[in-house]
Every structure is written in structure tokens, then in C-alpha cells.
Amino acid sequence: MQNFEFILISILVIVATLTDYFNSSYAHIVDSNNTQIWEKPQENLKIEFGYLPEKPVIDTFTGLAFSVTNLQTGEHAGDGVAQVTVTNGQRLFKFQNVSVQNGDFTVDYLFPDDGTHQVLLRLDRNDSINLASFQVFVPHQSPPSLLDYQANLIIGIGILAAAGTITILILKKS
């Protein structure tokens, strides 16, 4: 019994460690079709912005990733605190006091509507406050239909077949 408990505890520790690793707020921008760049030469600052998936889906998490670097050297800028605001002109959502570690951070957002959304960033660092603006386009999506999903169709046919079989068995016994 002690071996079982040891194995169970070991598995829980491994799962907790991996969960923390995959949910960390570190996010470096990888070159993609949706990367946007904001530069401020006076502050020697460059902010890259990107999002995944590249075609956001309504009511599904989209990772909004930011990378802050030195404009001349390309090295990551230091730590800071960010505020990210997402708006489509009608709705407004704020992420406040987001920790920026080694210049990189990400937030996960659920886009409620299709269309163009503006992502506003306020970055507070020891020596400056910087503002940047980016855009995310969420394509129009058709509402799901029961017949669109093959699995639902198969389940429906199975239920009808079971109901038919039960009906036939009841009629034969009568």
C-alpha cells in the first residue's frame, strides 16, 4: 500500500510541476503572420505583439503575447508592470498589474464578438511609462449546428436504433 501512495504522490507532483510550467506567464514572440511591432526610439524600446491562435475563435482563449526589447541591442528589457486593455469600441476589459519578467508576458483573453479589437498596453518601468496599441481581427463564425458534427449524428442514429429495437422487442412480447 505504501508503494501505491508513493507512486500516486509522485504523479501528482509531476503533474503539478508540468501544469505550472505550461501556465507560466513567460511568452516570447515567435515570428508569425500576425506579429505587430511598436517602437519608441526616444526610450530605446521595441514592443512586439502577437496572438495565438492566429485566427481567434469567439469564446475560446486567445493568448496575447508581448515581448519588450532594447531597440538597439535586441536584448530583453528589464522587469515592469503592465496594464492591458482590450476593446472593440463597445466593450472594455482590463488586465491590471500584470508582472513583466525579463521583458516577456502574456494574457489569455476570450473575444466575445467578431470584428477588429484594439489591444492597448501601458507598460510601467522604473524609468518610464510607455503606451502602445495593437489590433486583433476575429473572423466571423457561424453558430454551431447539430448536423455539423459527425459525432452528434452518429449518437443520434444510435439512440434511434436503440429506441427502435426496444419498440420491436416490446411489440413482439405483446
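When reading the values below, keep in mind they use all heavy atoms of this one structure, side chains included, and skip hydrogens, waters and symmetry mates.
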- Carefully, step by step, assess Phe61 and Leu110 under the rule side chain to side chain contact (heavy atoms under 4.5 Å, CB included). CA-CA 5 Å; Phe61 281 110; Leu110 291 168; 3.8 Å; yes
- Task: Identify, with sequence neighbours excluded, every residue that meets salt bridge (charged side-chain N to carboxylate O under 4.0 Å, His left out) alongside Asp59.
- Result: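 Checked Asp59 against salt bridge (charged side-chain N to carboxylate O under 4.0 Å, His left out); zero matches.
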- List in chain and number order the residues that pass salt bridge (charged side-chain N to carboxylate O under 4.0 Å, His left out) with Asp108, two or more places apart in sequence or in another chain; answer none if no residue qualifies. none
So do [Y] and [X] actually touch side chain to side chain, heavy atoms under 4.5 Å?
X      : Y      : value
Trp38  : Asn130 : yes
Asp114 : Gln141 : no
Gln36  : Tyr51  : yes

Nearest 0.5 angstrom please: [X] [atom1] to [Y] [atom2], how far?
X      : Y      : atom1 : atom2 : value
Leu45  : Asn70  : CG    : CG    : 8.0 Å
His140 : Asp113 : NE2   : CG    : 11.5 Å
Leu121 : Ile47  : CG    : CD1   : 5.0 Å
Ile58  : Phe111 : CD1   : CZ    : 10.5 Å
Leu64  : His117 : CG    : NE2   : 10.5 Å
Thr35  : Phe49  : OG1   : CZ    : 9.5 Å

Give a yes or no on this: more than 12 heavy atoms of other residues, nucleotides or ligands lie within 6.0 Å of atom [atom1] of [X].
X      : atom1 : answer
Asn126 : CG    : no
Gln90  : CD    : no
Gln72  : CD    : no
Phe137 : CZ    : yes

Taking all atoms of both residues into account, what is the closest heavy-atom pair of [X] and [Y], and its distance?
X      : Y      : result
Pro112 : Arg91  : CB-NH1, 3.0 Å
Phe134 : Ile37  : CE2-C, 4.3 Å
Gly50  : Asn34  : CA-OD1, 4.1 Å
Val100 : Ala82  : CG2-CB, 3.8 Å
Pro139 : Pro56  : CD-O, 3.5 Å
Val86  : Val119 : CG2-CG2, 4.4 Å

- Item | Hydrophobic cluster identity match, Tyr109 and Leu120, side-chain contacts under 4.5 Å |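 Per the 4.5 Å side-chain linkage, Tyr109 and Leu120 are not co-clustered.
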- Single-linkage hydrophobic cluster, 4.5 Å side-chain cutoff, Phe93 and Leu123 together: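 Yes, one cluster joins them.
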- Can you check whether Leu71's main-chain N or O pairs, donor with acceptor, with Thr69's side chain at less than 3.5 Å?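 Side chain of Thr69 to backbone of Leu71: no pair is present.
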- Side chain of Gln118, backbone of Ser133: donor and acceptor closer than 3.5 Å? no
- Message: Set out, in order, the CA-CA distance, both residues' side-chain angles and the distance that settles side chain to side chain contact (heavy atoms under 4.5 Å, CB included) for Thr62 and Val136, then state yes or no.
- Response: CA-CA 10 Å; Thr62 299; Val136 175; 5.6 Å; no
- Task: Check the angle between the aromatic planes of Phe66 and Phe105 and answer parallel, tilted or perpendicular using the 30° and 60° thresholds.
- Result: parallel
